[in-house]
Amino acid sequence: MTKSFYPPIRTLMGPGPSDVSPRVLAAMGRPTIGHLDPLFVELMDEIKQLLQYALKTKNELTLPISAPGSAGMEAAFANLVSPGDTVIVCQNGVFGGRMKENVERCGANPVMIQDSWGKPVDPEKVSEAFDSHPEASVLAFVHSETSTGARSDAKTLCQIAFEHGAFSIVDAVTTLGGIELDTDNWKADVVYSGSQKCLSCVPGLSPITFSKRAAERINNRTSKSHSWFLDMQLIMSYWGEGKKRAYHHTAPVNALYGLHESLLILKEEGLETSFSRHRTNHEALVAGLEAMGLEMAVDQDFRLPQLNSVYIPNGIDDGKTRNELLNDFNLEIGAGLGELAGKTWRIGLMGHSSTRRNVITCLASLEAVMAKQGYDLVPGAAIDAAKSVLDA
Ligand SMILES: *Cc1c(COP(=O)(O)O)cnc(C)c1O
């Protein structure tokens with residue numbers, strides 16, 4: 001007989017999942033009720049309101065997709081893009097490439113805008129792409145590129161799309177709860193996120209919101225979306241207004257208890273307080289890493305506080321370091337991806353993981369592991385540097 005699975009208690013400081021709050025885990029252990037139970041329908045309404053708060057939107061069409069962030073991405077494209085459409089896609093990391101895949105699989109034509117990995121999307125190039133492709137109906141970009149740690153100017157990019165009469169699709173998977181996200185003021189048309197990054201819920205859910213304009217487009221759509229599961233016309237029969245809800249799929253009831261709790265935690269803390277906590281812990285981590293002689297991979301102006309890309313110094317073994325952190329310190333940090341594979345580490349300070357304790361734990365562990373590999377450092381200097389930020 002195989003045994004029950006008891007995972008170790010890790011400290012999750014990678015690109016997600018982040019440490020899940022015990023409050024969220026406790027909520028998920030409560031009794032399962034039916035997905036059409038009137039009490040569950042009330043909870044759905046509350047989740048919608050909490051999402052509207054977190055996403056800063058009054059959009060009616062706001063809900064969690066019953067699948068991870070990638071499904072939120074797919075839902076955005078499957079509902080707003082039809083065969084033959086032209087879609088401007090910005091790529092400055094891994095996730096823009098996945099957007100291109102989505103456009104192609106919708107039978108539409110992607111116009112790619114490439115920027116260097118680690119740099120933000122260049123709004124000039126986006127304007128030029130609209131000039132040469134006036135037929136473009138959608139602009140898609142990643143606000144927080146988790147693969148590199150760079151933040152793009154979502155407000156400006158959404159504005160460009162709006163001025164060209166196009167819809168904007170914003171990947172805010174790593175944004176939500178960590179840094180400013182202003183759906184309505186940005187005039188963003190579709191914003192999707194994930195549960196396991198700065199919300200610190202379990203993986204597997206994708207909050208999404210559609211502007212009034214986008215919702216009208218979906219309602220007026222004459223050709224069916226190629227995706228049955230992600231077709232918002234159908235999903236609205238379950239997540240829509242009023243007490244009458246029709247079965248579309250069985251909602252992940254307990255996971256939604258968890259999402260509700262994580263959104264409640266965010267609301268209790270307040271968005272602005274959460275953002276400033278993320279910022280302070282990020283500044284402390286950077287001060288510590290720099291005191292160790294490490295160099296950040298993203299310019300200060302575009303750095304994501306929740307995802308810190310740092311160059312691996314010469315003479316330090318990437319895999320060996322991450323393995324030792326995991327095995328000896330129960331600490332997970334992320335590897336570089338794509339162009340940055342083997343060159344950077346990605347240290348997450350997302351949601352419940354963004355704490356003073358984790359900043360210090362990470363610096364102390366990294367110091368110990370790197371010193372063993374002969375890296376020249378002053379023991380304790382990183383922690384002192386971090387503390388001087390944390391205690392300021
Ligand atoms: C994590 C992530 C995704 C995908 O989310 P999953 O939950 O892994 O499917 C998409 N976009 C960005 C920017 C992400 O960081």
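All heavy atoms count here, side chains included; hydrogens, waters and symmetry mates do not. First listed ligand is number 1; within each ligand, the first listed atom is number 1.
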Salt bridge (charged side-chain N to carboxylate O under 4.0 Å, His left out) assessment of Lys56 paired with Glu180: CA-CA 9 Å; Lys56 287 202 181 170; Glu180 180 75 11; 3.2 Å; yes
Tell me whether Glu268 at atom CD has more than 12 heavy atoms from other residues, nucleotides or ligands lying less than 6.0 Å away.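 Enclosed.
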Run the side-chain hydrogen bond (donor to acceptor under 3.5 Å, both in side chains) test against Trp117 and tell me which residues pass, sequence neighbours left out.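 Residues passing side-chain hydrogen bond (donor to acceptor under 3.5 Å, both in side chains) with Trp117: Glu339.
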Could you tell me if the side chain of Leu256 sits less than 4.5 Å from the side chain of His35, heavy atoms only?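 Side-chain contact under 4.5 Å: no.
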Does some side-chain heavy atom of Pro17 sit less than 4.5 Å from a side-chain heavy atom of Pro203?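 Yes - at least one pair of side-chain heavy atoms lies under 4.5 Å apart.
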Verify whether one side chain among Asp184 and Thr57 offers a donor that lies under 3.5 Å from an acceptor in the other.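 Yes.
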Dump the pairs for me: ligand 1 N or O, protein N or O, distance under 3.5 Å, to 0.1 Å.
residue, atom, partner, partner atom, Å
ligand 1, 7 (O), Gly69, N, 2.9
ligand 1, 7 (O), Gln196, NE2, 2.8
ligand 1, 9 (O), Gly69, N, 3.3
ligand 1, 9 (O), Ser70, N, 2.7
ligand 1, 9 (O), Ser70, OG, 2.5
ligand 1, 11 (N), Asp171, OD1, 3.4
ligand 1, 11 (N), Asp171, OD2, 2.7
ligand 1, 15 (O), Thr146, OG1, 2.3
ligand 1, 15 (O), Thr174, OG1, 3.1
ligand 1, 15 (O), Lys197, NZ, 2.7

